[in-house]
Structures are given as C-alpha cells and as structure tokens.
Amino acid sequence: MNGTNPPSSAATARALEDKQSLKRSVQAAFDETQDARKLPLNNGYTSKVRVLDRYEVVGFISSGTYGKVYKAVGVKGQSGEFAIKKFKPDKEGETIQYTGISQSAVREMALCSELSHPNMIHLVEIILEDKCIYMVFEYAEHDLLQIIQHHSQPTRHPIAASAIKSILFQLLNGLLYLHTNWVLHRDLKPANIMVTSKGEVRIGDLGLARLFYKPLHSLFNGDKVVVTIWYRAPELLLGSRHYTPAVDLWAVGCIFAELLSLRPIFKGEEAKMDSKKTVPFQKNQMQKIVEILGMPTKEKWPGLTHQPEYTQLQSMSSAVREAGQGKTGLEAWYWNTLKSTGYQDSPPSASPGPQGLDLLAKLLEYDPTKRLTAEQALQHPYFTANGERVTANCFEGMTTQYPTRRVSRDDNDIRTGSLPGTKRGGLPDDSLTGRATKRMKD
Amino acid sequence: MAANYWASTQRRHWQFSRESLNEVRQQLEDEEKTIVQQYPLPDRRLLSILFNQLLVKLGKRLNVKQQALATAQIYVRRFYSRVEIRRTNPYLVLATAFYLACKMEECPQHIRSVVAEARNAWPEYIASDVSKLGECEFYLISEMNSQLIVHHPYRTLHEIQDKLKMAQEDISLAWSIINDHYLTDLPLLVAPHVIAVTAIFLAVTLKPTQTGLQAAASTVAGLSSATSGANDSIGTVSGVPNTQQKKVQYLVSWLAEGEIDIKAVVECSQEIISLYDVWEQYNEKTCKEQIARFVKARGLDK
C-alpha cells in the first residue's frame with residue numbers, strides 16, 4: 001500500500017462476515033481507548049478535543065481496510081448528523097501502539113483539510129485522540145451503489161434519465177475541481193460517490209488520492225495497484241507507469257454505464273497477486289473490456305505498443321461479444337441496455353439518447369490522451385440535449401423515495417485489531433468482496 | 001486547494017503579519033515565563049541553522065530530496081509557533097517533522113529507519129522505541145490542524161526561470177537562496193512566489209563577483225526607489241557590476257509588468273541579507289548546549 005509502514009492488518013468488509021465476531025456496542029468502539037487518557041505519559045500527547053465530548057455515536061455504517069465509519073450526531077451546540085471515519089489503530093498484542101500513521105491516511109487528512117467544493121464530501125474536523133484518528137465528515141444519506149441496488153430490486157427499473165444526467169454532471173464538476181488542483185482520485189466507484197438527501201453529489205474517500213504535480217517519485221512507485229478492478233482504466237491494466245487524470249475519467253465512464261444498466265459494465269475477475277508480490281496482468285478484466293469495445297489497435301491508440309503488458313494482449317481472444325445489426329460493440333451494448341433496463345423512447349428526455357452514447361464512448365476511449373477530460377466532458381451536448389437544463393438536485397421531480405442509509409445500532413464487530421486472513425500485499429481491493437458483503441448487509 | 005496558493009490553508013492559516021507572529025510567540029513565552037527565563041536560547045535564526053544542519057544530516061543518510069527537508073522545516077516552524085520549544089525535545093520534533101514531510105512529499109521512509117538514523121546521529125536524544133516518534137507525529141499534526149500541504153518557492157522558480165532566460169549558475173544560486181530562507185521567519189510571513197522572485201533577484205545581483213552583500217544591499221535600495229520611479233532608474237544603481245545591469249534591468253521590467261509586490265521583495269531581500277550577517281555568529285556547540293540544558297534538566301529526552 002505504501003512504503004512507509006508494514007501493511008497494517010487489513011480489516012476488509014469481510015470483518016462483518018467473521019463468525020467469531022465479538023458482539024459489543026458501537027459506543028464501545030470509542031470507549032475502548034478512553035482509559036489510556038487517564039495515564040498521560042511524560043510529555044505525552046493528549047488531544048485537546050475529545051470525540052465523545054462533541055459527538056454521540058448512533059450506529060455503524062461500514063468498514064474497510066482503513067478502519068470503520070460510524071454515524072454520529074452532534075452534541076453540545078453541534079447540530080446535525082455526521083459520518084466519523086475511525087482509522088484502525090495498530091496493535092501489538094492487545095495494546096494499541098503508536099507505529100506511525102500510514103501514508104494514505106496522511107494524504108487523506110491533508111487533502112481533505114485542503115480541498116473544499118460543493119461536490120466534494122465536506123470534512124468537519126479531524127480529531128487525534130488516544131492513538132486513534134477520527135475524521136469527522138458531513139453525513140450523506142445515500143451513495144450511488146445504494147441507489148443502483150435500489151433500482152435492481154425487487155425488479156429492475158431504470159434510474160430516471162434526468163437523475164443520471166444530474167449525477168454525472170455533479171460528479172464531473174467535482175472531478176474537474178480535483179484535477180485543476182492536481183489531485184487524482186484514483187478510486188472512483190459507485191460506493192465512493194455520496195448523494196445527500198437534497199440530491200447533491202459528493203465525491204468521497206480520498207484514501208487513494210494524491211497530488212500529481214511533479215511528484216518526487218514516479219506516480220507508479222509506492223502504490224502498485226490502483227482503482228478497484230472493474231473501474232480500472234486500460235492503460236493501468238496494461239501496466240502503464242505514467243498514468244494521468246484520464247484514469248479517473250475512465251472510471252466515470254464505467255459509473256455512467258453502470259447507472260444505465262444497473263450492473264458493472266466490465267465485471268472482471270481479479271487475478272490475485274502471487275507470493276512474490278508481482279502484479280499480475282489482469283487478463284480477465286481486459287477481456288471483459290475487449291468483449292464490448294473490441295480489441296484496441298495501435299492505429300487508434302498509438303501509445304498502445306509501448307504499454308508494458310502489450311504482448312499479453314496478443315494472447316487474448318479478440319472476439320467481440322455478439323453485436324448484431326452492424327453496430328459496434330459499445331453501441332449495441334448501449335441500445336440493448338437501454339431497452340432491457342426499461343428506458344422509453346419518448347419523450348426524448350426520458351432516455352439518455354444518442355448523446356448519452358456519444359459521451360459514454362468518449363469516456364471509454366482506449367487512448368488516455370484522447371479520452372475526454374473532466375472539462376471537456378462537462379461541455380458535452382449530452383448535458384444540453386433537448387434544451388434541458390441540468391438540475392443541481394439529482395432527485396428533482398422524482399417520485400422515487402430512496403431508503404435511508406442502513407445503520408446498524410448494535411451487534412457490531414468493533415474489534416480494532418488484526419483480523420484473520422486479511423493480510424494482503426499491494427493495495428487492498430475490496431471491490432469483489434466488498435460488493436458481496438454490502439449486498440448482504442443491505 | 002492543492003494547486004492554488006490563494007485558496008490554500010497555507011495562505012489562510014499560516015501566513016502571519018510580523019506583528020501577529022510576534023504576538024503569538026510572546027504569548028507562548030508569557031505562558032512559560034519560568035522556563036523561558038531559566039533557559040535562555042540563541043537567536044531563532046541561529047537555532048534554525050542548527051535545525052537545518054541536523055535535518056540535512058538525516059536527509060543525506062536516507063537520501064531524501066531538498067523539498068522534503070524544506071517541508072520539514074516549515075512543519076517545525078509552524079509547530080513552534082504553537083508550542084513553546086522548551087516544552088519539547090527538539091531532536092524528536094525534527095525527526096518527526098522529517099518523517100511526516102517525507103510522506104507528504106511522496107518519498108516515504110519507514111518509521112524504523114528514521115528512528116534508527118536519528119538515534120545514530122543523536123543517541124542521547126532519541127529513544128529506540130518508535131512509539132515516541134509516532135506519538136510526536138500526532139502532536140505535530142494536531143497542532144498544525146492536519147494542514148500539511150506546503151507551497152514552496154521552488155515551483156515558482158522552476159516556472160519562471162525560462163521566461164527570465166536565467167543562466168544555470170543563477171538558477172542554482174537562486175535555488176540555494178530559497179534553501180536559506182527556511183532559516184528565517186519568511187515562510188510564515190510572505191507568499192512563496194515573492195520568495196522566489198527575491199531569490200532570483202538576489203542571485204542575479206549577487207553574481208558574478210560575489211562581492212556580495214554590499215552590492216546587493218545597495219541594489220535593494222536602488223530597487224526600492226525604482227518602485228516609485230521609472231524603470232530606467234535601475235540603470236543608475238550603484239554597486240552593481242556593469243555586466244549585471246542588463247540582467248537586473250530585464251528582471252525589473254518583468255517585475256513591473258506583473259503583479260509582484262516590489263516592496264515585499266525588498267523587505268525579503270533585507271531579511272535574507274541580515275540572515276547572512278547573523279550567520280557569522282553561529283556556533284554549533286553553543287546552540288547544542290543551550291538546547292541540551294533544558295532537554296536534560298526537564299527530562300524531555302525520556
């Protein structure tokens with residue numbers, strides 16, 4: 001994950017499945033470390049602010065490799081709801097130790113403190129208390145994963161075309177802000193895109209984000225694998241060392257497609273890292289892309305032959321998935337998807353239409369240098385088609401009521417120590433297990 | 001913002017006026033009157049020279065680039081604007097700032113190697129237990145409100161060196177003047193691009209004879225008057241070797257076109273020149289002894 005620390009015991013979402021989970025209240029997760037405060041070390045650090053003096057934890061939201069997220073409400077003058085991300089502290093035996101903060105946590109803390117935009121999740125404060133880091137964020141009621149799942153059950157029914165347009169516009173707007181500030185997000189996926197109850201889109205989870213302005217080391221060093229595999233750009237799959245903001249726009253294309261079809265467009269299976277920790281070529285994932293987009297060619301993507309894993313491509317089947325009526329793969333996929341999800345042809349505003357396809361094709365462009373930038377994407381006619389305007393509230397005019405975020409009040413595994421079988425080399429990638437677990441939970 | 005200095009936490013939270021910085025420091029000292037009187041310390045700039053040398057030592061051993069050292073120095077200066085130095089173990093604070101800066105500048109070092117190197121260099125002051133440094137990291141981040149992204153003048157220098165058609169030796173000299181400015185309070189007082197322009201200005205005027213300070217000082221005076229008058233008054237500046245006049249003229253007309261606050265450049269130049277004056281009084285041994293006194297007496301190394 002980074003060169004700073006030994007990979008901290010990776011508690012993935014699988015923590016929830018752990019049968020041996022100790023059942024303790026959510027509050028206890030915060031109480032657990034409170035005793036240490038009574039024994040201040042010589043010249044030791046003590047926080048001036050205490051989490052529990054300011055927030056009352058009301059439930060558990062989710063967990064990941066980094067730690068856990070809790071829902072809280074403000075107390076003593078603080079009003080409103082909050083999401084508190086508690087980084088998993090390092091333990092030696094049963095005692096929590098200071099072992100140095102991971103580089104990704106440092107980056108996230110620094111970037112969240114620095115950035116501020118209506119389409120970015122808002123950081124309220126960071127509290128460093130009793131060897132633990134708490135990042136307090138505004139609370140967002142929904143996220144895109146949740147919304148997509150709501151539309152998949154009990155029967156598949158489409159997300160309103162106007163909502164998708166608004167979501168995509170706001171997402172690109174937030175991304176433009178990040179990119180103009182030389183920040184790559186690197187982990188855009190439906191679960192990381194929050195939506196408030198007012199229909200405002202907020203990009204969240206800067207855990208993998210980093211500055212790309214002339215880094216001292218190549219962006220390739222340190223984090224060898226980036227972006228949840230289904231949303232990973234082809235140049236990354238082909239081993240590119242110099243990736244660019246274009247990787248985030250590929251992910252936006254995948255998210256757009258997923259909003260339309262309610263299923264990941266390129267649902268590959270991840271090849272795991274071997275014991276030597278060499279990064280494997282993600283053949284299956286690349287195959288899924290080729291099935292829809294066709295094999296990339298050096299005519300359309302001149303840089304293709306310089307990709308480190310170029311030779312791997314030749315071993316792959318170039319069979320494009322059945323694409324009847326003389327249409328190209330993506331075009332066929334698009335119209336079939338609109339039909340099967342249930343978009344109506346009229347009025348024109350009920351469908352993402354031909355402009356939606358054009359935008360999607362330009363986001364899912366193989367050549368990263370030709371792929372639309374966030375700025376160009378925002379200018380795309382898709383957003384102005386049929387004389388419509390993009391709404392700032394993606395729920396505007398909608399009758400659908402989305403369920404509120406599931407928050408469990410008790411019976412959580414709040415252990416903060418190592419979990420069995422979760423140590424992994426390289427970047428954690430909880431896309432597969434994470435998704436499955438999330439379904440279980442929801 | 002990360003790319004925009006004007007919207008950055010650096011400008012919004014870590015840029016002081018000289019008065020407000022003095023006030024903040026006075027307040028810290030007032031809160032710790034006894035120890036402040038008991039343990040006198042040398043000029044802040046002399047301490048900074050020591051700190052810089054200590055950091056450079058760590059940086060060399062671990063092969064870390066200058067920008068990370070610069071960030072570490074900013075962290076130390078910010079931290080000591082919030083915490084009275086006599087309440088801390090400066091060696092631990094330096095090692096921690098170094099460790100944190102390396103992560104932020106994307107050249108991370110393992111905590112164990114930082115502790116090992118620091119302990120190797122200053123065995124009396126650094127415990128072998130990494131948790132001390134880990135704890136100090138919490139302290140640093142907390143006092144800095146997690147505002148860890150630092151804008152440096154190096155970037156501006158890099159951006160304008162070609163526009164100004166600077167010679168390689170001038171660029172190197174400007175670069176080392178930027179390195180030196182971290183020994184002063186300037187990073188807490190002025191915007192990084194003003195520092196960069198000051199460094200370029202000093203580099204161009206100090207060269208090639210290195211007759212140095214006097215020439216630069218008189219050029220500063222000349223520039224100062226040039227701000228109110230026309231560009232051509234720079235041609236009459238005394239103390240600048242003839243060959244340099246063209247370069248200086250080019251620079252001044254460039255400055256006049258832009259939005260650079262020339263008065264600020266003048267003040268920065270004076271600050272840097274007086275740093276070089278103070279530098280002559282630097283005595284590593286005295287500095288170390290004065291630090292050792294309060295660290296040892298108060299058991300801060302434990």
Side-chain angles (χ1 to χ4, degrees), chain A residues 2-6 41-49 90 92 95-117 123 125-133 135 177-183 209-219 221-222, chain B residues 1-4 7-10 12-13 64-68 71 87-89 92 96 99-115 129-151 154-155 158 295 298-302:
Chain A
N2 59 64
T4 323
N5 287 310
L41 297 156
N42 183 27
N43 317 312
Y45 167 77
T46 38
S47 178
K48 292 171 192 165
V49 182
D90 279 307
E92 246 166 56
T95 346
I96 302 172
Q97 289 286 348
Y98 286 112
T99 52
I101 303 170
S102 75
Q103 191 184 16
S104 66
V106 169
R107 275 186 200 139
E108 186 173 6
M109 291 161 76
L111 284 170
C112 287
S113 304
E114 202 72 21
L115 300 167
S116 159
H117 185 270
L123 175 76
E125 63 177 325
I126 297 175
I127 297 173
L128 297 142
E129 181 183 352
D130 291 327
K131 307 185 178 116
C132 292
I133 300 169
M135 292 183 77
Y177 170 81
L178 284 179
H179 289 175
T180 24
N181 285 289
W182 305 94
V183 178
R210 58 183 277 185
L211 291 167
F212 61 93
Y213 181 88
K214 298 221 295 143
L216 296 179
H217 288 215
S218 133
L219 280 169
N221 288 338
Chain B
M1 283 196 228
N4 182 349
S8 68
T9 52
Q10 181 171 343
R12 289 182 292 132
H13 302 289
V64 162
K65 302 195 178 173
Q66 169 57 28
Q67 181 156 323
T71 297
R87 289 183 52 205
T88 70
N89 171 358
L92 180 61
T96 309
Y99 169 64
L100 184 58
C102 287
K103 282 187 280 195
M104 275 314 294
E105 299 297 342
E106 301 293 349
C107 50
Q109 301 294 320
H110 199 286
I111 189 166
R112 272 183 249 133
S113 6
V114 175
V115 168
D129 175 9
V130 298
S131 73
K132 278 281 166 198
L133 195 136
E135 179 175 29
C136 190
E137 183 178 32
F138 267 51
Y139 199 2
L140 241 71
I141 294 177
S142 175
E143 291 299 335
M144 293 193 285
N145 294 324
S146 311
Q147 290 150 359
L148 305 176
I149 295 176
V150 176
H151 292 253
Y154 301 113
R155 196 197 285 188
H158 187 78
V295 174
R298 309 192 71 222
L300 299 168
D301 51 342
K302 294 292 177 316

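In what follows, chains are A, B, ... by sequence order, proteins preceding strands, each numbered from 1.
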Checklist entry - Side chain, backbone, both or neither: which part of B:E143 has a non-hydrogen atom closer than 4.5 Å to chain A? => result side chain

Checklist entry - Non-hydrogen atoms of chain A under 4.5 Å away: do they reach the side chain of B:N89, the backbone, both or neither? => result neither

Checklist outcome for this item: By side-chain hydrogen bond (donor to acceptor under 3.5 Å, both in side chains), A:E125 pairs with (sequence neighbours left out) A:R54, A:Y55

Item to check | Test: B:R12 and A:E114 ion pair at under 4.0 Å | outcome: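 No, no charged N to carboxylate O under 4.0 Å.
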
Next on the checklist: Among A:V106, A:V49, A:I127, which residue has the highest count of heavy-atom pairs closer than 4.5 Å to chain B?
Outcome noted: A:V106

Item to check | Rounded distance (nearest 0.5 Å) linking atom CZ of A:R107 with atom SG of A:C112 | outcome: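 Atom-to-atom, A:R107:CZ and A:C112:SG are 13.0 Å apart.
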
Item to check | Between B:C136, B:C102, B:G134, the one whose heavy-atom pairs under 4.5 Å with chain A are most numerous | outcome: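 Option with the top pair count is B:G134.
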
Checklist entry - B:D129 side chain to B:S131 main-chain N or O, any donor-acceptor pair under 3.5 Å? => result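 Yes: the side chain of B:D129 pairs with the backbone of B:S131.
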
